[in-house]
J.: 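Here it is: the structure, laid out below.
Quick caveat, the model's predicted, so the values are computed rather than measured. Basis for what follows: all heavy atoms, side chains included, without hydrogens, waters or symmetry-related copies.
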Amino acid sequence: MRALAAQTHHGTAHVNRWNRVLVAFGEHDGTGVTGGAMTAAQAQQMADTHSSPVWDEVAAELTALEAAPRKSQSAVKPVVSVTSNGDVTEGAAAVFTVTASPAPAADLDVSVTVAAVGDYGVTAGARTVTIPTSGSVTLSVATTGDSADEADGSVTATVNAGSGYTVSSTAAAATAAVADDDDPPLGYTVDPQVVTKVRALAAQTHHGTA
């Protein structure tokens, strides 16, 4: 299965199908996989469509797996990962998607720490997001815009260890870049320390008005 999933030259749909099989076999944590674990019925449909011996084997394995005694859903600890929905410009919210695989049987509280680089008004620190039974939730982190020219920054969301889930070994943190949208000031700016010294000298009236 892993060799088939690695055949990227067949396209992303091909890779995703075989990764779904690996998720069903418990050999993939589901990160980046669309559609979740493949079912025996779906595998059998692929076998019937493509007349493939490999799909016949997969369908047989999944049929046996689904018929075998399973742990209750509540006993399975989901693997939680986080991804960034894209970079932003100051004033826009940095959005992250927090995903549990498999999806939890009940709402799952997950601890996430938000950190920031740059002065963009981000409220940093730990917060709790709740993943519903659909398997994912979005985390929106507000940034503020201003008129000051400054270096670009970033926002990072990191999944913390907690009860009822494990943290993904490959997608425990995600970062969104925050771009400054202000132009640098034009011309030369006088050093404020020099201005302060001149103000002090100008206040020395005992030297006379001249």
J.: If Ile, Leu, Val, Met, Phe, Trp and Tyr residues are connected whenever their side-chain heavy atoms lie under 4.5 Å apart, and connections chain through other members, are V129 and V122 in the same group?
T.: yes
J.: Atom CG in D181, atom OG1 in T89: separation rounded to 0.5 Å?
T.: 6.5 Å
J.: Has T143 got a side-chain atom pairing as donor or acceptor with G91's backbone, closer than 3.5 angstrom?
T.: yes
J.: Compare all side-chain heavy atoms of W55 with those of M46 and state whether any distance is below 4.5 angstrom.
T.: yes
J.: Does D152 reach the main-chain N or O of D180 with its side chain, forming a donor-acceptor pair under 3.5 Å?
T.: yes
J.: Considering only heavy atoms from C-beta outward, does the side chain of Y165 approach that of I131 to under 4.5 Å?
T.: no
J.: Report yes if some heavy atom in the side chain of R127 is under 4.5 Å from a heavy atom in the side chain of V141; otherwise report no.
T.: yes
J.: Check whether more than 12 heavy atoms from other residues, nucleotides or ligands sit under 6.0 Å from atom CD of Q45, and answer yes or no.
T.: no
J.: Quick one: do D119 and E150 satisfy side chain to side chain contact (heavy atoms under 4.5 Å, CB included)? Show the steps, please.
T.: CA-CA 8 Å; D119 186 16; E150 54 199 323; 4.0 Å; yes
J.: Less than 3.5 Å apart, which donor and acceptor atoms pair up between the side chains of residues 95-106 and the rest of the protein, not counting sequence neighbours?
T.:
{"unit_1": "T97", "atom_1": "OG1", "unit_2": "N85", "atom_2": "OD1", "d": "2.9"}
{"unit_1": "S101", "atom_1": "OG", "unit_2": "D29", "atom_2": "O", "d": "3.0"}

J.: Will you find, in the side chains of S147 and D182, an N or O donor that is under 3.5 Å from an N or O acceptor?
T.: no
J.: Roughly how far apart are M38 CE and R17 CZ, rounded to 0.5 Å?
T.: 7.5 Å
J.: Which distance, rounded to the nearest 0.5 Å, do you find between the CG of N19 and the OG1 of T12?
T.: 11.0 Å
J.: Within a strict 4.5 Å, meaning less than it, do heavy atoms of the L62 and T39 side chains meet?
T.: no
J.: Hey, are the side chains of V110 and V159 touching, using non-hydrogen atoms and a 4.5 Å cut-off?
T.: yes
J.: I need the minimum non-hydrogen distance between T175 and S154, along with the two atoms involved.
T.: CG2-CB, 3.8 Å
J.: Would you name the heavy atoms of S168 and A171 that are closest together and state the gap between them?
T.: OG-N, 3.0 Å
J.: Using modelled atom types only, decide if a donor and an acceptor are shared between the side chain of H50 and the backbone of S52 within a distance under 3.5 Å.
T.: no
J.: Same cluster for V155 and V88 if Ile/Leu/Val/Met/Phe/Trp/Tyr side chains link at under 4.5 Å?
T.: yes
J.: Does the side chain of T130 come under 3.5 Å of the side chain of D109 through a donor N or O and an acceptor N or O?
T.: yes
J.: What heavy-atom pair brings G164 and L108 nearest, and what distance separates the two atoms?
T.: O-CD1, 3.9 Å
J.: Quick check: do N160 and V167 have side-chain heavy atoms less than 4.5 Å from each other?
T.: no
J.: Quick one: which of L139, T158, V82 gives a side-chain contact (heavy atoms from CB on, under 4.5 Å) with V112?
T.: L139
J.: I'd like to know if the side chain of T196 reaches the main chain of P192, judged simply by a donor and an acceptor atom lying under 3.5 Å from each other, with no hydrogens or angles considered.
T.: yes
J.: For D48, which residues count as a side-chain contact (heavy atoms from CB on, under 4.5 Å) partner, sequence neighbours excluded?
T.: Q44
J.: Do you know which two heavy atoms are closest between T34 and R20, and how far apart they sit?
T.: O-CD, 3.3 Å
J.: Any donor and acceptor pair, going by atom type alone, linking the side chain of E66 with main-chain N or O of A40 inside 3.5 Å?
T.: yes
